[in-house]
Amino acid sequence: MEVSTAMWTAAVVGAAVIYWFVWVMGAAEVKGKRAVNLKMGSITRDKVQDKYKQYWSFFRRPKEDIAAASDGDKVPAFVDTFYNLVTDIYEWGWGQSFHFSPSLPGRSHREATRLHEERAADLIAAHAGQRVLDVGCGVGGPMRAIAAHSGAHVVGITINEYQVARARAHNRKAGLHDRCEVVCGNFLEMPFADASFDGAYSIEATCHAPRLEDVYREVFRVLKPGALYVSYEWVTTALYREDDARHVETIRGIEAGDALPGLRAQHEVAAVARRVGFEVVEELDLALLPAGSWWTRLKMGRIAYWRNHLLVSALTALRVAPKGVVEVHEMLYETARHLCDGGETGIFTPMHMILCRKPLVTPN
C-alpha cells in the first residue's frame with residue numbers, strides 16, 4: 001500500500017511538474033506564446049538550423065564586411081531571418097513589446113513597459129483623429145498601448161511577415177483592430193505617400209538599419225510638415241572605449257546577437273537627424289539616473305537558465321519544437337549577458353531618446 005501510494009504521489013508530482021513546465025511556465029502575458037507553441041516564424045521546420053547557421057555566420061563577420069554587404073538586400077534579409085528565429089521565443093519569455101524600459105519602484109515590468117510606450121505617444125502629442133506611424137512595430141505591443149492611450153490610428157510597419165500575422169491577431173484579441181493597422185515592408189523604402197502621417201515613433205527598431213540616415217530620411221518624407229518624430233535608439237555612450245577589449249567584446253556580442261549591422265555612437269544621432277532635414281527638439285538618454293536599471297529583466301539565475309534550457313531541449317527531442325530552437329535560445333542567453341554588461345558598465349544604452357520635428361517649410 002505504501003509503495004502504491006508513493007507511486008501515485010510520484011505520478012501526480014511528475015504530471016504537475018510537466019504541466020508547469022509546458023503549459024504554465026513562460027507565458028509572459030495572457031495573450032502571449034507558450035513554450036509548446038514555439039515555432040520559428042515562417043521558416044519551415046527542416047530549415048531552422050540552416051537558417052540559424054547562416055544568420056550567425058553573417059553577423060559574426062567583422063563590421064567592415066557587414067557594412068560592405070549592406071548596400072544590397074543582405075542586411076534586411078538577415079534581419080527578417082532573425083525575427084523569424086526569435087519572435088516566438090521573445091513572446092514566450094518577454095511578452096508582446098520587444099524593447100526595454102527603465103525599472104520603476106513599485107511597478108511591475110509590464111507596467112513600466114506600458115508607461116515607457118505611452119511616453120513616446122505623449123512626446124509626439126498623439127491624439128484622436130491623427131494617423132501615427134510605428135517604425136518597426138514587431139508584434140505590436142507598443143502600437144496597442146499607444147493607440148489605447150492616445151486614441152490615434154496607428155499604422156505599423158515590420159519587415160517580417162510572421163510578425164505581421166501575430167500583430168494582427170493580437171490587435172483583434174485586444175479589440176483594437178479598427179485603430180491598429182500593420183503593413184509588411186522595409187522601413188528603408190516605406191510604401192506610404194509623402195506627408196501622409198501626423199506623427200511617428202520608433203522604439204528600439206532603427207538600430208537594424210545599416211545607415212540611420214536612410215531610415216530617418218524615409219520617416220521625414222512620410223511626415224506632414226510640423227509633425228513630430230521620436231525614436232528610442234540603441235547606441236554606445238561616451239564611456240565606450242575602442243581600446244578596451246572587454247568593451248569591444250560586449251558591443252560585438254550585442255550586435256551579433258541582435259542582428260545589428262553596427263551600433264552608432266550616442267553623439268552621432270542628432271547630426272544624422274539634422275542632416276535629413278529634421279529640427280532636433282530634445283535629446284536625452286532615458287536610462288540615466290534617476291531611471292532604474294533597464295537590464296534587470298535580463299538577469300537570469302543559473303537555475304532559471306537551466307530550467308529553460310531543459311524545457312526547449314525536451315520540446316526539441318519530442319519534436320514539438322523544431323531543431324535549432326536550442327541554439328537560438330543559447331544565442332539569446334549569451335546576448336542577454338552582453339546586454340547586462342553593457343548596462344552595468346554604462347557603455348551602452350537602448351533608450352537614447354531623440355525628439356524631432358519636420359519644419360513647416362522645408363528648404364528646396
Side-chain angles (χ1 to χ4, degrees), residues 63-76 79 99 120 123-126 132-137 155 157-159 185-240 242 251 254-255 258-288 347-364:
K63 277 187 183 182
E64 297 75 17
D65 290 354
I66 295 173
S70 65
D71 290 336
D73 293 331
K74 289 190 176 180
V75 170
V79 170
H99 63 80
L123 283 165
I124 62 172
V132 171
L133 176 64
D134 183 327
V135 184
C137 66
V155 180
I157 184 169
T158 173
I159 199 170
N186 186 344
F187 59 35
L188 302 176
E189 298 176 295
M190 292 191 281
F192 307 123
D194 294 357
S196 55
F197 288 94
D198 301 292
Y201 64 88
S202 50
I203 299 180
E204 302 182 27
T206 57
C207 50
H208 293 298
R211 288 178 6 114
L212 188 61
E213 188 169 341
D214 293 340
V215 63
Y216 276 15
R217 184 178 290 109
E218 270 294 272
V219 174
F220 185 89
R221 177 183 68 79
V222 303
L223 283 179
K224 296 176 181 178
L228 293 166
Y229 167 56
V230 66
S231 184
Y232 298 168
E233 295 288 345
W234 282 32
V235 293
T236 57
T237 72
L239 296 176
Y240 173 64
E242 290 186 346
I251 296 304
I254 293 171
E255 290 169 342
D258 280 300
L260 309 182
L263 281 167
R264 259 91 42 183
Q266 198 165 36
H267 69 271
E268 298 173 341
V269 178
V272 172
R274 293 189 179 99
R275 202 152 52 235
V276 304
F278 278 119
E279 299 170 353
V280 176
V281 178
E282 186 181 1
E283 194 175 13
L284 176 68
D285 183 359
L286 300 179
L288 293 177
I347 65 172
F348 165 78
T349 175
M351 54 188 75
H352 178 79
M353 183 277 290
I354 182 166
L355 178 63
C356 307
R357 179 184 286 111
K358 182 174 181 176
L360 285 171
V361 178
T362 55
N364 294 328

If I take atom [atom1] from residue [X] and atom [atom2] from residue [Y], how far apart are they, to the nearest 0.5 angstrom?
X	Y	atom1	atom2	answer
Leu260	Ile251	CG	CD1	10.0 Å
Met351	Trp234	CE	CH2	10.0 Å
Glu279	Lys358	CD	NZ	12.0 Å

Partners of [X] by side-chain hydrogen bond (donor to acceptor under 3.5 Å, both in side chains), sequence neighbours excluded?
X	result
Glu218	Arg221
His208	Tyr83
Thr158	Gln163

For Leu288, which residues count as a side chain to side chain contact (heavy atoms under 4.5 Å, CB included) partner, sequence neighbours excluded?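 In terms of side chain to side chain contact (heavy atoms under 4.5 Å, CB included), with neighbours along the sequence ignored, Leu288 is linked to Asp285.
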pair [X]-[Y]: side-chain heavy atoms closer than 4.5 Å:
X	Y	answer
Phe187	Leu133	no
Val135	Tyr201	no
Leu212	Glu268	no
Phe278	Ile354	no
Ile347	Thr236	no

Atom of [X], atom of [Y] and distance for their closest heavy-atom approach:
X	Y	value
Gly185	Ile157	O-CG1, 3.5 Å
Cys356	Val281	C-CG2, 4.2 Å
Ala259	Pro261	O-CD, 3.8 Å
Pro359	Phe220	CD-CE1, 3.8 Å
Val215	Ala209	CG1-CB, 4.0 Å
Met190	Val219	CE-N, 3.9 Å

Please name all residues satisfying salt bridge (charged side-chain N to carboxylate O under 4.0 Å, His left out) with Asp214, sequence neighbours left out, ordered by chain then number.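 If we apply the salt bridge (charged side-chain N to carboxylate O under 4.0 Å, His left out) test to Asp214, skipping adjacent residues, the hits are Arg211, Arg217.
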Between the side chain of Glu255 and the main-chain N/O of Leu263, is any donor-acceptor distance below 3.5 Å?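 Yes, the answer is positive, given that a donor and an acceptor are paired below the 3.5 Å cut-off.
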Does Asn186 offer a backbone N or O that forms a donor-acceptor pair with the side chain of Glu189 under 3.5 Å?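 Not a single qualifying donor-acceptor pair exists.
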N/O donor-acceptor pairs under 3.5 Å from side chains in residues 222-231, not counting sequence neighbours:
{"unit_1": "Lys224", "atom_1": "NZ", "unit_2": "Asp198", "atom_2": "OD1", "d": "2.9"}
{"unit_1": "Tyr229", "atom_1": "OH", "unit_2": "Ser202", "atom_2": "OG", "d": "2.6"}
{"unit_1": "Ser231", "atom_1": "OG", "unit_2": "Ser202", "atom_2": "OG", "d": "2.7"}
{"unit_1": "Ser231", "atom_1": "OG", "unit_2": "Glu233", "atom_2": "OE2", "d": "2.7"}

With side-chain contact (heavy atoms from CB on, under 4.5 Å) as the criterion, how do Val235 and Tyr240 come out once you've worked through the C-alpha distance, each side chain's angles and the decisive distance to 0.1 Å? CA-CA 10 Å; Val235 293; Tyr240 173 64; over 6 Å; no
His352 and its side-chain hydrogen bond (donor to acceptor under 3.5 Å, both in side chains) partner, picked from Arg264, Glu204, Glu283: Glu283
